[in-house]
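Worksheet: the structure to be examined is printed underneath.
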Amino acid sequence: MLQPADLNVVRRDPALPGLQLILDPDLLGHRLAVKDLHSAYIRYKPSTSCVASLLEGYGSWPFAAAAYPECRFEIIRTRTEWLDGPSSARLLEDACVALVPMTLDRGLKAASSLGSPEKCVRLLRKLIGRRPHEGFDLAMLRYKPGRRIVARLDFSGRTRALIKAYCARDFSPALAGAKAAAASGGARVLGVDTDRLVVAYEWLKGKSACPSLGQLPSNQEFHLIGERLAHVHSRGTRNLRSESRLAE
């Protein structure tokens, strides 16, 4: 159920008839007869669009839910790459909402590979230097439509790596940041696929500080996080690429 402030946003934006569905995972889940939908990311452009990524329960394959004005929804209806094929998008005509599987994300080159068992095995072999055994699991942790996919790779009873797929704009800065972090004692970079814009990181054991994945860290844990961040910042940016003010 939405809070009053969220409902006020919906009332002020009649151009997006599906806005309330996108902002309220419980309402969308009821519409789709799916339980435990979780919004992992929301991008809202008033009177233009609202896009959310949703996980069907924690760790499953996500999808993007997008609300559009009626005029733009007419164009969405013509996207054959979304509407043809075994894993097609679903359109909620009355709300001008499109539900698009992650595997159809045009902004992420790795999306289709991660959603195909055969292609995924080949991609993971390139990233981690070995073929995962049968029964490997790629648990989805985060999905930002058109921007990033974050997944945890498990096989042989162990968590093996953190997999991140990026859009073209974010890949080079992310790779530079990953190398700088590794040089500062962070997670090692296990492998890179420059064609599909994917980086595999060493999995670091520990408890997540993300409140959406559990309880908030304790005060002592917050202090430890702050100390670690201060240590990383004190090392400077020698391993990062330079950005012009315009590019930044």
Side-chain angles (χ1 to χ4, degrees), residues 9-10 12-34 36-57 59-120 122-123 138 140-151 163-171 174 193-198:
V9 172
V10 173
R12 290 197 301 266
D13 199 348
L16 297 177
L19 182 57
Q20 185 169 356
L21 271 179
I22 302 300
L23 296 180
D24 190 342
D26 292 333
L27 184 63
L28 181 60
H30 180 74
R31 173 74 183 265
L32 302 177
V34 174
D36 300 324
L37 282 181
H38 305 288
S39 295
Y41 172 76
I42 293 178
R43 183 173 66 246
Y44 174 46
K45 297 180 180 180
S47 301
T48 302
S49 67
C50 185
V51 181
S53 68
L54 296 117
L55 305 181
E56 189 177 337
S60 63
W61 291 101
F63 63 94
Y68 301 100
E70 290 185 11
C71 58
R72 191 174 175 194
F73 192 69
E74 292 297 325
I75 300 174
I76 298 300
R77 285 196 181 101
T78 67
R79 288 190 177 174
T80 55
E81 70 273 19
W82 277 8
L83 303 176
D84 296 338
S87 59
S88 61
R90 177 179 174 183
L91 302 182
L92 305 181
E93 301 276 350
D94 60 312
C96 296
V97 166
L99 308 175
V100 185
M102 184 194 75
T103 53
L104 297 179
D105 195 317
R106 298 182 299 175
L108 292 164
K109 289 186 176 182
S112 60
S113 295
L114 292 173
S116 165
E118 297 80 12
K119 293 180 181 178
C120 189
R122 292 196 294 269
L123 173 60
L138 202 62
M140 293 293 111
L141 304 180
R142 283 289 181 272
Y143 171 47
K144 289 187 176 183
R147 295 289 302 277
R148 183 163 67 250
I149 299 170
V150 182
I163 308 296
K164 290 187 179 183
Y166 299 93
C167 65
R169 183 184 67 181
D170 292 347
F171 177 70
D193 187 322
T194 55
D195 294 324
R196 283 165 287 195
L197 311 181
V198 186

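All residue numbers in this chain count up from 1 along the given sequence. Model, not experiment: these values are computed from the prediction.
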Donor-acceptor list for residues 13-21 side chains, cut-off 3.5 Å, not counting sequence neighbours:
| residue | atom | partner | partner atom | Å |
| --- | --- | --- | --- | --- |
| Asp13 | OD1 | Ser47 | N | 3.4 |
| Asp13 | OD1 | Ser47 | OG | 3.2 |
| Asp13 | OD2 | Tyr44 | OH | 2.5 |
| Asp13 | OD2 | Ser47 | N | 2.9 |

- Note on the structure: Contacts of Arg31 meeting side chain to side chain donor-acceptor pair (under 3.5 Å) (sequence neighbours excluded), chain-then-number -> Asp94
- Spacing of Leu28 atom CG and Ile22 atom CD1 [to the nearest 0.5 Å]: 6.0 Å
- Query: Can you name the salt bridge (charged side-chain N to carboxylate O under 4.0 Å, His left out) partners of Arg147, sequence neighbours left out?
  - Reply: Asp170
- Query: Rounded to the nearest 0.5 Å, how far does CZ of Phe63 lie from CG of Leu104?
  - Reply: 13.0 Å
- What pairs with Arg196 under side-chain contact (heavy atoms from CB on, under 4.5 Å), at least two apart in sequence or on another chain? Ala110, Ser113, Leu123, Lys126, Asp193, Val198
- Query: Residues two or more places apart in sequence or in another chain: which of them pass side chain to side chain donor-acceptor pair (under 3.5 Å) with Ser116?
  - Reply: Glu118
- Task: Using the salt bridge (charged side-chain N to carboxylate O under 4.0 Å, His left out) rule, collect all pairs that involve residues 95-108, keeping only residues at least two apart or in two chains.
- Result: Glu81-Arg106
- Query: Which residues pass the side-chain contact (heavy atoms from CB on, under 4.5 Å) test with Thr78, sequence neighbours left out?
  - Reply: Ile75
- Item | Asp195 side chain near Lys109 side chain, heavy-atom distance below 4.5 Å | no
- Item | For Arg77, all residues meeting salt bridge (charged side-chain N to carboxylate O under 4.0 Å, His left out), sequence neighbours excluded | Glu74, Glu93
- Query: With sequence neighbours left out, what residues match Glu70 under side-chain contact (heavy atoms from CB on, under 4.5 Å)?
  - Reply: Cys96
- Task: Output the distance between atom CG (Leu32) and atom CG (Leu92), rounded to the nearest 0.5 Å.
- Result: 6.0 Å
- Query: Who are the side-chain contact (heavy atoms from CB on, under 4.5 Å) partners of Ser49, not counting sequence neighbours?
  - Reply: Lys45, Tyr68, Arg72
- With sequence neighbours excluded, what pairs up with Asp26 under the salt bridge (charged side-chain N to carboxylate O under 4.0 Å, His left out) test? none
